[in-house]
Chemist: 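Quick one: the structure is below, questions incoming.
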Amino acid sequence: MTKIAERVHHDQAEIAAIEARIAELDDEAIVEITLTDGTRHKGTVTARPTVQTFRDAQGNEGVNSLLRLDDLDRPGQSHYLWLDRVAEVRHLGSA
């Protein structure tokens with residue numbers, strides 16, 4: 001995966017929010033993810049994401065987390081979603 005992120009975070013409250021999202025995303029959970037822009041994706045969590053260190057375009061180091069979600073409606077299609085842009089996680093079941 002990439003070492004560059006659109007946004008990196010240093011603030012403990014922002015990092016805690018990312019960690020809270022991670023706790024909602026078990027391996028192989030079937031979920032509907034709503035992003036902060038209103039976009040929705042339904043899919044299967046391939047593996048629980050983790051907080052990782054990235055750099056932004058300006059070279060600043062911080063943390064973020066990237067979720068790989070395998071699309072429910074289009075087999076073979078995966079979505080890579082930054083957890084700091086997830087507004088809601090709705091559980092639909094498990095694989």
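In this chain, numbering begins with 1 at the start of the sequence shown. Note that the structure is predicted; figures quoted are calculated from it, not measured.
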Chemist: So which heavy atom on Ile15 is nearest to which on His10, and how close?
Modeler: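 Looking at all heavy atoms of both residues, the closest pair is CD1-O, 3.7 Å.
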Chemist: Hey, quick one: are Leu81 and Val51 part of the same hydrophobic cluster, counting side-chain heavy atoms closer than 4.5 Å, chains of contacts allowed?
Modeler: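 Result: yes, single cluster for both.
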Chemist: Keeping Arg21 on the side-chain end and Asp84 on the backbone end, is there a donor-acceptor pair under 3.5 Å?
Modeler: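 No; judged by distance alone, with no hydrogens or angles, the pair does not exist.
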Chemist: Fit a plane to each ring of Phe54 and Trp82, take the angle between them on a 0 to 90° scale, and name the class: parallel (under 30°), tilted (30 to 60°) or perpendicular (over 60°).
Modeler: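 The arrangement is perpendicular - the two ring planes meet at more than 60°.
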Chemist: Are Val86 and Leu67 packed together at the side-chain level, in the sense that at least one heavy-atom pair is separated by less than 4.5 angstrom?
Modeler: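 No, every pair of side-chain atoms sits at 4.5 Å or beyond.
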Chemist: Taking atom types as modelled, is there a side-chain donor on Asp71 or His41 under 3.5 Å from an acceptor on the other?
Modeler: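 Looking only at side-chain atoms, His41 and Asp71 do not form any donor-acceptor pair under 3.5 Å.
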Chemist: Look at the side-chain heavy atoms of Ile, Leu, Val, Met, Phe, Trp and Tyr, link any pair under 4.5 Å apart, and say whether Leu35 and Leu72 land in one connected group.
Modeler: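 In one cluster with Leu35: Leu72, no.
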Chemist: Taking C-beta and beyond as the side chain, do His9 and Asn64 meet within less than 4.5 Å on heavy atoms?
Modeler: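 Touching, per the 4.5 Å side-chain cut-off.
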Chemist: To the nearest 0.5 Å, what is the distance between CD1 on Ile18 and OG1 on Thr50?
Modeler: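 Result: 11.0 Å between the selected atoms.
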Chemist: Given side chains that start at C-beta, do those of Arg90 and Thr34 come closer than 4.5 Å, heavy atoms only?
Modeler: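 No, every pair of side-chain atoms sits at 4.5 Å or beyond.
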Chemist: Are Leu25 and Leu92 linked, directly or through other ILVMFWY residues, by side chains that come within less than 4.5 angstrom of each other?
Modeler: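 As far as the 4.5 Å side-chain criterion goes, Leu92 and Leu25 are not connected within one cluster.
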Chemist: What is the minimum heavy-atom distance between Pro49 and Ile22, and which atoms define it?
Modeler: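 Smallest heavy-atom distance, with atoms named: O-CG2, 3.2 Å.
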Chemist: Could you tell me the separation between the CD1 atom of Ile33 and the CZ atom of Arg40, rounded to the nearest 0.5 Å?
Modeler: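 So the gap between those two atoms works out to 11.5 Å.
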Chemist: So Leu69 and Val45, do their side chains get closer than 4.5 Å, heavy atoms only?
Modeler: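 Yes, at least one pair of side-chain atoms sits under 4.5 Å.
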Chemist: Are any non-hydrogen side-chain atoms of Thr46 and Ser78 less than 4.5 angstrom apart?
Modeler: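 A side-chain contact is absent here, since even the closest heavy-atom pair is not under 4.5 Å.
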Chemist: In Å, rounded to the nearest 0.5 Å, how long is the span from NE2 of His91 to CD1 of Ile30?
Modeler: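 Atom-to-atom, His91:NE2 and Ile30:CD1 are 11.5 Å apart.
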Chemist: Is it true that a side-chain atom of Thr36 and a backbone atom of Ala87 form a donor plus acceptor pair closer than 3.5 Å?
Modeler: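 A pair under 3.5 Å: no.
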Chemist: Below 4.5 Å, heavy atoms only, C-beta onward: do Glu61 and Thr53 meet side chain to side chain?
Modeler: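 Sidechains of Thr53 and Glu61: in contact.
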